[in-house]
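The structure under discussion appears below in the form of structure tokens.
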Amino acid sequence: MLVLVENHLSPRTAAFFDLDKTVIAKSSTLAFSRPFYQGGLINRRAVLRTAYAQFVYLLGGADHDQMEGMRKYLSDMCRGWNVQQVREIVAETLHDLIDPIIFDEAASLIEEHHLAGRDVVIVSASGAEVVEPIGEMLGADHVIATRMAVEDGCYTGRIEHYVYGPAKARAITELAAAEGYDLKRCFAYSDSVTDIPMLESVGHPYTVNPDRGLRREAASREWPILTFSRPVRLHQRVPALTMPSGPVLALAAVGAAAATAGLVWYAARRRRPVLY
């Protein structure tokens, strides 16, 4: 497959990736329930409830009402948590929990976009304290994530900026204006029907393992449907021939995972986007 490098005299472009079930195989927030329990932030009942929520989410995704219920539950649960403790738990357990569930196909696409001269942006309704380290591990240039209100170093339980539904599209538009992206030439990837506004905001929308609602929309709009099915640790992937400059070099900070993260040109895939 031929990947054309961007002409840097033209407007800049980017690839926007939803995180959960698009780049990683699970919910990023719910994945940390066990270390949060071990750190004393939640009780055993909360662990069981988040495990059930994870099961339901993986089984069929989550519609608007379910996402709203999950948002309220998580914001109530984290009220009073120490922000620094949360960051430390995420940093200590990130590679054990998230590295094994990164889709190989998504990691390859991220690198292909970088090699084509595009920025990579992770856009997620999960909290910034979880999403930002994952974005750094993946070599993302920018992260757009939900932000909780903080007072005296602890979460208040109030959400300052909820990156969900139409808010994702607004955040993408704002970033595009700030960075000079031509959204008509940009790409977006998501699994959820709630991300239709995000997909509509770019010229090249792609659905990934779409839920039932998004699959119907993809069929009616003739949006490509991608199937990602191979979670793999970054260090188990084929080394890249070249590494892009800039923020993606932050991967070097994660040691062997970065040294071996690469582009899998010959892997068998169901429909791949044409990165032009």
Trace of the side chain to side chain contact (heavy atoms under 4.5 Å, CB included) decision for Cys186 with His204 | CA-CA 6 Å; Cys186 288; His204 303 288; over 6 Å; no

So Ile134 and Val130, side chain to side chain contact (heavy atoms under 4.5 Å, CB included) or not? Walk me through it.
-> CA-CA 7 Å; Ile134 296 175; Val130 169; 4.0 Å; yes

Considering only heavy atoms from C-beta outward, does the side chain of Leu199 approach that of Leu214 to under 4.5 Å?
-> yes

Does a side-chain heavy-atom distance below 4.5 Å link Glu105 with Thr227?
-> no

How close do Ser126 and Ala145 get, heavy atom to heavy atom, and via which atoms?
-> O-CB, 3.5 Å

Check which hydrophobic residues are tied to Val232 through side-chain heavy-atom contacts below 4.5 Å, counting indirect links as well, and list them.
-> none

Please report the shortest heavy-atom distance between Ala128 and Pro133, naming the atom on each side.
-> O-CD, 3.9 Å

Would Val163 and Val90 show up in the same hydrophobic cluster when neighbours are defined by side-chain heavy atoms closer than 4.5 Å?
-> no

Nearest 0.5 Å please: distance from the CD1 atom of Ile89 over to the CG atom of Leu94.
-> 13.0 Å

Using the rule that two of Ile, Leu, Val, Met, Phe, Trp, Tyr join whenever any of their side-chain heavy atoms come within less than 4.5 Å, decide whether Val208 and Val123 are in one cluster.
-> no

Side chain Arg185, main chain Ala14, donor-acceptor under 3.5 Å | no

Side chains of Val143 and Val121: closer than 4.5 Å at any heavy-atom pair?
-> no

Heavy-atom side-chain proximity of Phe16 to Leu175 below 4.5 angstrom = yes

Heavy-atom nearest pair, Pro231 first then Pro100, reads CB-O, 3.5 Å

Nearest 0.5 Å please: distance from the CD atom of Glu160 over to the OH atom of Tyr155.
-> 11.0 Å

Can any side-chain N or O of Glu200 pair as donor or acceptor with the backbone N or O of Ala169 at less than 3.5 Å?
-> no

So do the side chains of Lys26 and Asp20 get within less than 4.5 Å of each other, counting heavy atoms only?
-> no

Nearest-0.5 Å distance, CZ of residue Phe17 to OG of residue Ser124 | 14.0 Å

Answer yes if the side chains of Thr194 and Ser192 hold a donor-acceptor pair under 3.5 Å, and no otherwise.
-> yes

Is it the case that Thr13 and Asp182 place a side-chain donor and acceptor less than 3.5 Å from each other?
-> no

Side chain Thr22, main chain Asp191, donor-acceptor under 3.5 Å = yes

Hey, does Val120 have a side-chain heavy atom less than 4.5 Å from the side chain of Phe187?
-> no

Does Tyr181 reach the side chain of Asp119, with side-chain heavy atoms less than 4.5 Å apart?
-> yes

Is any NZ, NE, NH1 or NH2 atom of the basic residue among Asp18 and Lys168 found under 4.0 Å from an Asp or Glu carboxylate oxygen of the other?
-> yes

Could you state the interatomic distance from OG (Ser220) to CZ (Arg215), rounded to the nearest 0.5 Å?
-> 13.0 Å

Check whether Met198 and Leu226 end up in the same hydrophobic cluster, where Ile, Leu, Val, Met, Phe, Trp and Tyr are linked by side-chain heavy atoms less than 4.5 Å apart.
-> no

Does the separation of the ring centres of Tyr189 and His113 fall below 6.0 angstrom?
-> yes

Please confirm whether the backbone N or O of Val193 pairs with a side-chain atom of Glu217, one donor and one acceptor, at under 3.5 Å?
-> no

Taking atom CD1 of Ile102 and atom NE2 of His95, what is their separation to the nearest 0.5 Å?
-> 9.0 Å

Which pair of heavy atoms, one from Asp99 and one from Met137, lies closest together, and at what distance?
-> N-CE, 4.2 Å

Should Val131 and Ile122 count as side-chain neighbours, where that means a heavy-atom distance under 4.5 Å?
-> yes

How long is the span from the CZ atom in Phe228 to the OG atom in Ser108, to the nearest 0.5 Å?
-> 8.5 Å

Among all residues two or more places apart in sequence or in another chain, which pass the side-chain hydrogen bond (donor to acceptor under 3.5 Å, both in side chains) test with Glu179?
-> Arg12

Group every Ile, Leu, Val, Met, Phe, Trp and Tyr by side-chain heavy-atom contacts under 4.5 Å, then state whether Ile98 and Leu109 land in the same group.
-> yes

Going only through I, L, V, M, F, W and Y residues with side-chain contacts under 4.5 Å, is there a path from Phe32 to Val23?
-> yes

Answer yes or no: is there a donor N or O on one side and an acceptor on the other, between the side chain of Arg147 and the main chain of His161, under 3.5 Å?
-> no

Result of checking Thr207, Asn209, Asp195, Asp211 against Ser190 for side-chain hydrogen bond (donor to acceptor under 3.5 Å, both in side chains) = Asp195

